[in-house]
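Numbers restart at 1 for each chain; the letters A, B, ... are given by sequence-line order, proteins then strands.
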Protein chains: 2
Amino acid sequence: MKYDHIKQAVYRKIESGEWPEHHPVSSENQLAKEFQVSRMTARRALQELSDEGLVVRTRGAGTFVAPLKSQSALLTIRNIADEIRLRKHRHHAVVRLLEEVDAEPGLATLFGLQQGAKVWHSVITHFENGHAVQVEDRHINPALVPHYLEQDFTLRTPHEYLCEVTPLTEASHQIEAVSPTSMQQQWLDLDQAEPCLQIQRRTWAREGMVSQAVLTHPGSRFRLGGHMTFSQKAKVLKTQTKK
Amino acid sequence: MKYDHIKQAVYRKIESGEWPEHHPVSSENQLAKEFQVSRMTARRALQELSDEGLVVRTRGAGTFVAPLKSQSALLTIRNIADEIRLRKHRHHAVVRLLEEVDAEPGLATLFGLQQGAKVWHSVITHFENGHAVQVEDRHINPALVPHYLEQDFTLRTPHEYLCEVTPLTEASHQIEAVSPTSMQQQWLDLDQAEPCLQIQRRTWAREGMVSQAVLTHPGSRFRLGGHMTFSQKAKVLKTQTKK
DNA sequence: TACATGCTATTGTATATACAACATCAAGAC
DNA sequence: GTCTTGATGTTGTATATACAATAGCATGTA
């Protein structure tokens, strides 16, 4: 499988960070020459990488490493700020906490740190047209993310910062319905405890787990929606059963 | 784009139901002859359909229409009964309501029916190891689904029945956190109103909207989870931005 | 400067061919 | 009946080639 050889070579360049977003990928002819294969074989490698969304190809221009910023709309829940702006609404954020804390035992294990090691912690409330729609309670692995505490998260969300600083490779999510804690209630400006949609998101880079975020949305002000056609459904199914 | 011509021809056969699950698809050579193209062009059509999960290809055997039964794990939320059995737990269902009712105006519009037309309505509680984990409140378009009221839904879930009777082509979902109504609370054997995760699922066939289901889960007994790697994430992203 | 033209590199589509790997079935050997 | 063998059809991989469509750049022109 020569084409798979080429795919993996390109994949390594991207995954290692040697080729960042928008970096040009060798052209079909260059790869064909370099790997001593025909252009059609090199083409297949790039084509499959494109199908998988790792590179973007433009006729006449070339092949480039795909930007990873934008996220799948439904599961990773795109950056809340982008989502709000997409609806042409105003977004602003208020930083409630930004601190260094002792890691809880469970989290220390997930991060691969010693018991009692320090981790970074931020709590940020996101507003849509002046109404609180999400409180983002996030813990960060300081071994993998530099200068987290010095960022101004009213300008750029933690998620955006993480995407820039580290190449994320995996994510897991859990969605559940909960009653907000009194602190969450306060952070969301809720008069009374209403049901909240809570999403736990964990993200990994190649070196290990980068961050855990707990995103809490008031049920009355947030809804998670999606739509898929038959063939798209089948495609998602395939990516999931493949593992 | 000759290859796209072939893709669409095959797609129509599948979508129309003329080729059911596991039905053999014409071979590359047959298609090449039929459409007056080279084998490589016919091959591309089948290959892309395979990438999209519509057909399954086996070297030496041939190409076949893919089984659609299994659903994407995260969004369509696989059949609750399957999910429970997958965890090696006991599942049973209790039918709370199974009746013909007047369609609400909104639903009649969605179904493409006259105001005040009759629709079918079922309410079923699903139990995992004896604990209620979901109440399924479903409305059915009687124009597209036969004999719904005569089914025994303790043996086969409505979702399973619908999948057998009609070829579903699209689905949309909304997820939110709510307080249960008093009826839902009763159907779920809840002592007090706890936050519930509520999923609204609408499904379409080619002829129109088939069904609307509202699935309500007690927050304390249910969690929606998922995991995806980098390249899978990118693939999902692509299918969603494509529209 | 501003615009138009054309050249070149790159990706997209289509074809023809060759061989490899595998599944299925039928005929024959035991 | 059971197993082996081989023929045939199918998909998978790889190559070589041709032309189309587009992007980007450089060059020439007004």
(message) More than 12 heavy atoms of other residues, nucleotides or ligands under 6.0 Å from NE2 of B:His23: yes or no?
(response)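 For B:His23, atom NE2 is crowded (more than 12 foreign heavy atoms under 6.0 Å).
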(message) More than 12 heavy atoms of other residues, nucleotides or ligands under 6.0 Å from NE2 of B:His5: yes or no?
(response)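 No, the 6.0 Å shell around NE2 holds no more than 12 heavy atoms from other groups.
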(request) Compare the minimum distances between each of D:dT11, C:dT11, D:dT13 and the side chain of A:Glu28, then state the nucleotide with the smallest one. (result)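 Given the options D:dT11, C:dT11, D:dT13, the side chain of A:Glu28 is closest to C:dT11.
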(message) Let's see if you can work this out: which of D:dA14, C:dG12, D:dT11 has an atom nearest to the side-chain heavy atoms of B:Arg57?
(response)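 Looking only at side-chain atoms, B:Arg57 lies closest to D:dT11.
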(request) Check whether any side-chain heavy atom of A:Ile140 lies under 4.5 Å from a side-chain heavy atom of A:Leu149, and answer yes or no. (result)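 Result no, sub-4.5 Å side-chain heavy-atom pair not found.
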(message) Contact between B:His126 and B:Thr157 at the side-chain level, heavy atoms closer than 4.5 Å - yes or no?
(response)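 Counting from C-beta outward, B:His126 and B:Thr157 do come under 4.5 Å.
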(message) Between B:Arg202 and B:His139, is the side-chain contact (heavy atoms from CB on, under 4.5 Å) condition met? List the steps.
(response) CA-CA 10 Å; B:Arg202 292 173 176 162; B:His139 289 83; over 6 Å; no
Rounded to whole Å, please give me the gap between [atom1] in [X] and [atom2] in [N].
X: A:Lys33; N: C:dT10; atom1: NZ; atom2: P; answer: 11 Å
X: B:Phe64; N: D:dT10; atom1: CZ; atom2: P; answer: 10 Å
X: B:Gln30; N: D:dT11; atom1: CD; atom2: C1'; answer: 13 Å
X: A:Lys2; N: C:dC19; atom1: NZ; atom2: C1'; answer: 13 Å

(message) With nearest nucleotide decided by heavy atoms, which residue, A:Met1 or B:Val25, maps closer to the 5′ end of DNA chain D?
(response)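 Taking each residue's closest nucleotide, the earlier one in sequence belongs to B:Val25.
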(message) If you compare every side-chain N and O of B:Tyr3 against the phosphate oxygens of C:dA14 (OP1, OP2), does one of them come in below 4.0 Å?
(response)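 Answer is no, no contact under 4.0 Å.
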(message) Strictly below 4.0 Å: does A:Thr63 bring a side-chain N or O up to OP1 or OP2 of C:dT11?
(response)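 So the side chain of A:Thr63 is within the cut-off, an N or O lying under 4.0 Å from OP1 or OP2 of C:dT11.
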(request) State which residues pass side-chain hydrogen bond (donor to acceptor under 3.5 Å, both in side chains) with A:Ser38; sequence neighbours excluded, sorted by chain then number. (result)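 Partners of A:Ser38 under the side-chain hydrogen bond (donor to acceptor under 3.5 Å, both in side chains) test: A:Thr41.
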(message) Please give me every residue in residues 36-48 of chain B whose heavy atoms get under 4.0 Å of an atom in DNA chain D, ordered by residue number.
(response)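 Heavy-atom cutoff 4.0 Å gives B:Arg39, B:Met40, B:Arg43, B:Gln47.
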